[in-house]
Asker: 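Got a structure here, written out as structure tokens. Questions coming.
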Amino acid sequence: MKKLAYFPGCAMKDQARPDEAGTLHALAALGYEVAEIPRWNCCGTVHSLAKDDLMRHVGPVRNLIRVQGMGEKRVLTLCAMCYGTLKRSAQFVREEERLARINAFLDTEEDFRGGIEVVHLLTLLRDEVGYEKLASRVKRTLNGLKVATYYGCVLLRPREFAVDDPDRPEVMERVVEALGGAPVPFPERMECCGAYLTVGRSDIVTDRVGRILRSARGSGADLVVTTCPLCQFNLAERRPPVAPTLPVLYLGQVLGWAFGADEPANLFPLGGAR
Amino acid sequence: MSHEPPPANRNPGPEAGHRSGVTGRGPRIGVFVCHCGKNIAATVNVEQVVEAISHYPGVVYAARHEYMCSDPGQDLIKKAIGEHRLTGVVVAACSPSMHETTFRRAAEEAGLNPYLLEIANIREGCSWVHEGPETTDKAIRIARAMVEKVKGNHPLSPIEVGHAAKCLVIGGGISGIQAALDIADAGFEVLLVERTPSIGGRMAQLSETFPTLDCSQCILTPKMVEASRHPRIRLLTYSEVAEVTGYLGNYHVVIRKKPTYVDPDKCNLCGDCATACPIRVPSEFDRGLSERAAIYVPFPQAVPSSYTLDEASCLGLNPLRCSECAKVCTAGAIDYDMPEERIEEDVGAIVVATGYDLYEKERMAEYGYGTVPDVIDGLEFERILSAGGPTKGEVRRPSDGKVPKEVVFIQCSGSRDPELHKSYCSKICCMYTAKHALLYRHNVHDGKAYVFYIDIRAGGKDYEEFVVRAMEDERILYLRGKVAKVFRDGDKVVVWGVDTLTGKRVEVAADLVVLAQAMVPSAGTGELARKLRIACGGEGFLKEAHPKLRPLEALTAGIFLAGAAHGPKDIPEAVAQGSGAAAKAIAILSAPVLTHSPEVAEVNEDLCSGCAICVPQCPYGAITPGDVAHVNELLCEGCGTCVAACPSGAMTMRNHTDLQVERMIRAALAEAVEVAGG
């Protein structure tokens, strides 16, 4: 068993529990001993665009200090948002002066020494497990199910933190393929779902979600997968009344199913599908 | 290569007289200080400089003038040389790169060897960069140092060399053709080398030209024919420059002429061979929009008009393999045993006109990475618009041959995008896109044309009027904004953009998208530049010697630049630069003798151990190793690197010896001279 530090983030303990359940089931089947990091806190969720905004990095860096405390060199995230914030902070503190200032601020913690790698479920499956091994371990094939691969924004932007070529990603398609599905790389797979406008301007989100789902359905998809809890929420809950009734699942749900997880625990709720 | 230069005049000859060198009576130096209006006088007290330097040992005369480079200023120097029997002159003024030639010529006119005049730069190195009283002190020190240098100078004569009266033109596009014709018309032999089977270049691929809408081939082909028929032009198509050695006036070039396997004298262009050939590959000339056989003519008006057998796509030059073409050739023109030719020539000058390519649309992630068949580049659209093109001039799209009813033209595709692509403006795209949209509307009357642009750059004679005509008379919809994404949706190509004037998103379900791709130097430009020892700029275009005053010349003497290999250019500019480069080349070819500065490195053969440490240090390849090092004075640019590298002190720079430099340093660092009355 290979030990792997794991940062869940808030959604995995609430709305996205099926994602976590399915993913952890699959990772165990792939030989990983996933260890949740102790006393983790919010990742920060939204990255600050201000260059001198050190405060924004305190939260993510504290999580990285927990990984360091476990004696681990890397940490896994499932959520696209958590991946973005942790990865950016890990990069931000590579500059010594910044690191020193953050450490000075976090005076109740041990100093962060840097050098923790942040990996996303997708990059782990691609770079370490490999598509071939993934395919060979699958217990239940998706059997040609047409899966629209929805990246949304933060997995691919900004380009220096992207999990793949931000203009022509293929990692999610290759994973779906390995699970026996037929990936549908539809035109709007990299478009923003509207994100936090869901709070104050849900009309904009509803408009965008309608376009995205029509694009997916128009390309022949049977369901949509994503790794972002906010995308999942918006695509499932903010869809316009006349939108296609496509289910929107977490990648982890599909992964778990393919590795034989219990259906009721893993699959429900079938986001958005009535 | 046969012309050895005469030895430089290291010692004053008998005709030099008492003013031409340091005589037994000691140096008599004159110093002339320039005000340069306020450029120098604002921060340097010129009068104090004159006063101080006039007391310096060896200085017998010092004067100042408002503008020393003016005729009265030069006359002041000439008069003083005669009246004060000066043996050396220092002009304290601007950089020697500005007026050294002016003042040395004046000295020569007054009977003083020009190499006994030196410039003390008290402007760029002093008055422009300092203020306060130290500025005057520094000017005096610079002048003193140059007085010391002049004291050690010897009179010299320029090195003279003969040259070949022939020119090599590389690249058979419009710019190269123009250069070749102009040089040949002036009475000199020209070798015109073209890599592809025909001359004509990019211009041969174009449909009509902006802003007059002349048919491109109609105005080009007479020039092509003229070049091929000219008695003094030797056309070498399907050929590449393999090696270049030598220097200004005496370049030795080796050209590899690939076998075409067809005898052009026998070929009667019947085309039976191409019909018989079982191979079909994408046509380069039609940018892959049509196919050609392995034996082919790139286009009907090709020059030379003969078929070429492309070895790479042929089944094998072996009668046992195929030989279908040879079987049907009644003229007996096909010869599978045709060898490669190696041509060696001596030329006096070289014109480089290797042209451009388009930045590959496969690099445009946002526009589908070249995977959408109905997203094409500007040259593909030119072929579609051409009467001799793959659609016989009817606008039909590549995927299904339908007439596109909505066409989106995207300008600056790959240009002006420093983050992802090229940062520069490709200059011609605003114009050719207007032309494309206009010709499309002429072709498809009920068609809709959209142009996305950042801004319109139509600087050129009648260019703005042409764009306005496209916008207003042809009802082409110009949208100011960039296109974010292009993707295929069924049989449509969906374009997402923004109109920044209204702030609205724009979505067009188009039938065809034309990308005005950035211009880049043609493939192989860098490799050729290395062979020629000329420089390329950051984006790979050939670099000129000076961006304003020497735009036609490479930094290597005797090599000239023409056309889009030097930077994005339209046809009139490429033609003008071709003619300009030709004029520059003619100046060399027609000179009775070429001269080179005598201020070059020389070897003291008694001291040289032949260690050859200097050889790799020389950036000009001017040193040949041997028992003792040998400096080719014509290649030497006088940089002095070899002098610094030589462990035996055997290498010296004429009029720039270690002793002179040491004395200059001492003079510059000596205690400040008391300025009389100051």
Side-chain angles (χ1 to χ4, degrees), chain A residues 49 51 146 148-174 182-195 197 201 203-221 224 240 243-244 246, chain B residues 359-375 377 399 406 408 410 412-423 450 452 481-499 502-513 515 517-518:
Chain A
L49 295 175
K51 282 190 173 162
K146 288 180 183 151
T149 44
Y150 181 65
Y151 287 86
C153 54
V154 284
L155 276 183
L156 299 171
R157 306 280 167 184
R159 65 173 58 236
E160 51 277 32
F161 303 111
V163 296
D164 203 353
D165 178 344
D167 293 303
R168 189 168 49 178
E170 55 165 36
V171 55
M172 219 189 300
E173 286 78 4
R174 298 292 300 274
V184 178
F186 63 113
E188 306 233 5
R189 68 198 166 125
M190 284 122 72
E191 289 307 306
C192 173
C193 67
L197 290 175
R201 288 294 306 273
D203 56 318
I204 293 177
V205 175
T206 298
D207 179 54
R208 298 196 64 83
V209 165
R211 293 175 59 114
I212 292 164
L213 292 174
R214 279 192 297 275
S215 172
R217 171 62 94 203
S219 303
V224 180
L246 277 174
Chain B
Y359 184 63
E360 300 97 323
K361 63 179 194 283
E362 286 70 22
R363 292 173 183 263
M364 306 307 297
E366 58 273 44
Y367 304 150
Y369 274 121
T371 57
V372 185
D374 293 324
V375 177
D377 67 27
S399 64
E406 291 201 60
V408 173
I410 302 176
C412 301
S413 178
S415 297
R416 304 176 70 189
D417 190 346
E419 209 179 311
L420 298 176
H421 305 293
K422 301 293 179 188
S423 56
Y450 305 81
F452 280 93
K482 283 210 90 167
V483 169
K485 192 169 171 174
V486 168
F487 59 91
R488 194 175 191 177
D489 191 7
D491 71 338
K492 293 285 184 185
V493 186
V494 181
V495 176
W496 285 354
V498 62
D499 178 358
T502 59
K504 292 263 163 61
R505 268 185 69 154
V506 180
E507 180 171 335
V508 184
D511 300 308
L512 180 69
V513 173
L515 305 176
Q517 287 299 100

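Chain letters run A, B, ... following the sequence lines, proteins first, then strands; residues in each count from 1. What you see is a predicted model, and the numbers here were worked out from it, not measured in a lab. Below, each value reflects all heavy atoms present in this structure, side chains not excepted, and no hydrogens, waters or symmetry copies.
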Asker: Within residues 211-220 of chain A, which positions have a heavy-atom distance to chain B below 4.5 Å?
Answerer: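 Contacts with chain B: Arg211(A).
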
Asker: If you count heavy atoms of other groups shown closer than 6.0 angstrom to CZ of Arg201(A), is the number above 12?
Answerer: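 No, the 6.0 Å shell around CZ holds no more than 12 heavy atoms from other groups.
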
Asker: Go through the structure and list residues passing salt bridge (Lys or Arg N to Asp or Glu O under 4.0 Å) with Asp417(B), not counting sequence neighbours.
Answerer: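 Per chain and number, Asp417(B) pairs via salt bridge (Lys or Arg N to Asp or Glu O under 4.0 Å) with no residue.
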
Asker: Distance-only criterion, 3.5 Å: show the donor-acceptor pairs between side-chain atoms of residues 481-489 of chain B and protein atoms not counting sequence neighbours.
Answerer:
from, atom 1, to, atom 2, distance (Å)
Lys485(B), NZ, Pro187(A), O, 2.7

Asker: With rounding to the nearest 0.5 Å, note down the distance linking OH in Tyr367(B) to CG in Asp167(A).
Answerer: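 Going from OH on Tyr367(B) over to CG on Asp167(A), the span is 11.0 Å.
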
Asker: Check salt bridge (Lys or Arg N to Asp or Glu O under 4.0 Å) between Lys504(B) and all other residues, then give those that pass, not counting sequence neighbours.
Answerer: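 With neighbours one apart ignored, the set is empty.
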
